[in-house]
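To keep things clear, I will list the structure first and then write my remarks on it.
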Amino acid sequence: SPCPVTYEVTLNGGLAQTTQETTISYSGLSSGTLYSIEVIATNAAGDSAGATGSFTTDSCDPPSVPTNVAASGIGATSATISWTASTSACPVTYTVTLNNGNERTVTGTSTSVTYTNLSPDTTYAIKVVASNDGGTSAAGEGSFATSCTLPGAPTNIEASRITQTTADVSWTASTSDCAVEYTVTL
């Protein structure tokens, strides 16, 4: 059977780590930093020559939480969601999610998105998350409620049980997505 191989991995000339795997993970590195790495294979016969390489960690820290999440231009079936941009040294992508699962992605410097086809007279929770090469922020949150649509006119107005001093008046109800109150004028 072949001799087992162990790898000795040195990062920036520091303390070597030993593994039998061909991958090793490092955490706690500094952002935007060049690291040199050397890997030596070892078995019962001895050590290989060192193989070297380098990498640079991303220079982005995760963006800050988007703030001032709010809705404007709210109608029965639409609203515009806006927020204050995250601070980041790198380009940011925003993911805006409503509690009905409707999700939109916004890139570039835009800090708003318009939703249509919403349900009338409904409260929505908003979450805005910022992400870049350095990671993802916690969610900035807000909420809004859509308004009602204008009710349709009642139809089929009829008077019944008419006497000299009384009458019953009836009609077919309006179509509406909200509660409707009727005003009857004689």
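FYI, side chains are in, hydrogens and waters are out, and symmetry mates aren't considered; it's all heavy atoms of this structure.
Checked by atom type and distance alone, the side chain of D61 never pairs as donor or acceptor with a backbone atom of S88 at under 3.5 Å. Distance alone, capped at 3.5 Å, places no donor-acceptor pair between the T136 side chain and the S131 backbone. Using a distance-only test at 3.5 Å, with no hydrogens or angles considered, no donor-acceptor pair links the side chain of T84 to the main chain of N68. Listed for the Y94 side chain is no donor-acceptor partner under 3.5 Å among the backbone atoms of S110.
Of all heavy-atom pairs between S86 and V65, the closest is OG-C, 4.0 Å. Taking both residues in full, the closest heavy atoms of V92 and A130 are given as CG1-CB, 3.6 Å, listed atom of the first, atom of the second, then distance. Contact between P62 and G134 at its shortest, heavy atoms only, is CG-O, 3.2 Å. Residue R104 comes nearest to T116 through the heavy atom pair NH2-N, 4.3 Å, listed as atom of the first residue, atom of the second, then distance.
Under the rule for a side-chain contact (heavy atoms from CB on, under 4.5 Å), the partners of E21 that lie at least two apart in sequence or sit in another chain are T19. For A145, the side-chain contact (heavy atoms from CB on, under 4.5 Å) partners two or more places apart in sequence, or in a different chain, are T123. Residues satisfying the ring-ring contact (aromatic ring centres under 6.0 Å, His included) criterion with Y115, sequence neighbours excluded, are absent altogether. Qualifying ring-ring contact (aromatic ring centres under 6.0 Å, His included) partners for Y7, counting only residues two or more places apart in sequence or in other chains: none.
Looking at heavy atoms from C-beta onward, F144 lies out of side-chain contact with V69 at the 4.5 angstrom threshold. In this structure the side chain of W83 reaches within 4.5 angstrom of the side chain of V113, judged on heavy atoms. Within the 4.5 Å cutoff, no side-chain heavy atoms of T183 are placed close to those of E181. Between I126 and L98, some side-chain heavy-atom pair lies under the 4.5 Å cut-off. The closest side-chain heavy-atom distance from Y124 to I81 is not below 4.5 Å.
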Could you tabulate the donor-acceptor pairs under 3.5 Å formed by side-chain atoms of residues 73-80, not counting sequence neighbours?
{"residue": "T80", "atom": "OG1", "partner": "T114", "partner atom": "OG1", "Å": "2.9"}

Contacts under 3.5 angstrom, residues 162-174 side chains, donor-acceptor by atom type, not counting sequence neighbours:
{"residue": "T163", "atom": "OG1", "partner": "T165", "partner atom": "N", "Å": "3.2"}
{"residue": "T163", "atom": "OG1", "partner": "T166", "partner atom": "N", "Å": "2.9"}
{"residue": "T163", "atom": "OG1", "partner": "T166", "partner atom": "O", "Å": "3.4"}
{"residue": "T163", "atom": "OG1", "partner": "T166", "partner atom": "OG1", "Å": "2.6"}
{"residue": "D168", "atom": "OD2", "partner": "R161", "partner atom": "NE", "Å": "3.2"}
{"residue": "T172", "atom": "OG1", "partner": "N156", "partner atom": "ND2", "Å": "3.0"}
{"residue": "S174", "atom": "OG", "partner": "G152", "partner atom": "O", "Å": "2.7"}

Donor-acceptor list for residues 34-44 side chains, cut-off 3.5 Å, not counting sequence neighbours:
{"residue": "Y35", "atom": "OH", "partner": "S30", "partner atom": "N", "Å": "2.8"}
{"residue": "S36", "atom": "OG", "partner": "N12", "partner atom": "OD1", "Å": "3.2"}
{"residue": "T42", "atom": "OG1", "partner": "D47", "partner atom": "OD1", "Å": "2.9"}
{"residue": "N43", "atom": "OD1", "partner": "A45", "partner atom": "N", "Å": "2.8"}
{"residue": "N43", "atom": "OD1", "partner": "G46", "partner atom": "N", "Å": "3.4"}

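Connection of V9 to L11 is established within a shared hydrophobic cluster, with ILVMFWY side chains joined at heavy-atom distances below 4.5 Å, either directly or through further cluster members.
Each disulfide bond (SG atoms under 2.5 Å apart) pair with one or both residues in residues 98-168, not counting sequence neighbours, appears once here: C148-C178. A disulfide bond (SG atoms under 2.5 Å apart) check over residues 26-58, counting only residues at least two apart or in different chains, returns nothing. Sorted by first and then second residue, the salt bridge (charged side-chain N to carboxylate O under 4.0 Å, His left out) pairs with a member in residues 113-139 form an empty list; sequence neighbours excluded. Legend: side-chain hydrogen bond (donor to acceptor under 3.5 Å, both in side chains) pairs involving residues 137-153, not counting sequence neighbours, sorted by first then second residue: T149-D177. Here disulfide bond (SG atoms under 2.5 Å apart) pairs that include residues 13-62, with residues two or more places apart or in two chains, are C60-C90.
Here the CD-OG distance, from Q17 to S25, works out to 9.5 Å after rounding to the nearest 0.5 Å.
With 3.5 Å as the limit, one finds a donor-acceptor pair spanning the side chains of S64 and T87.
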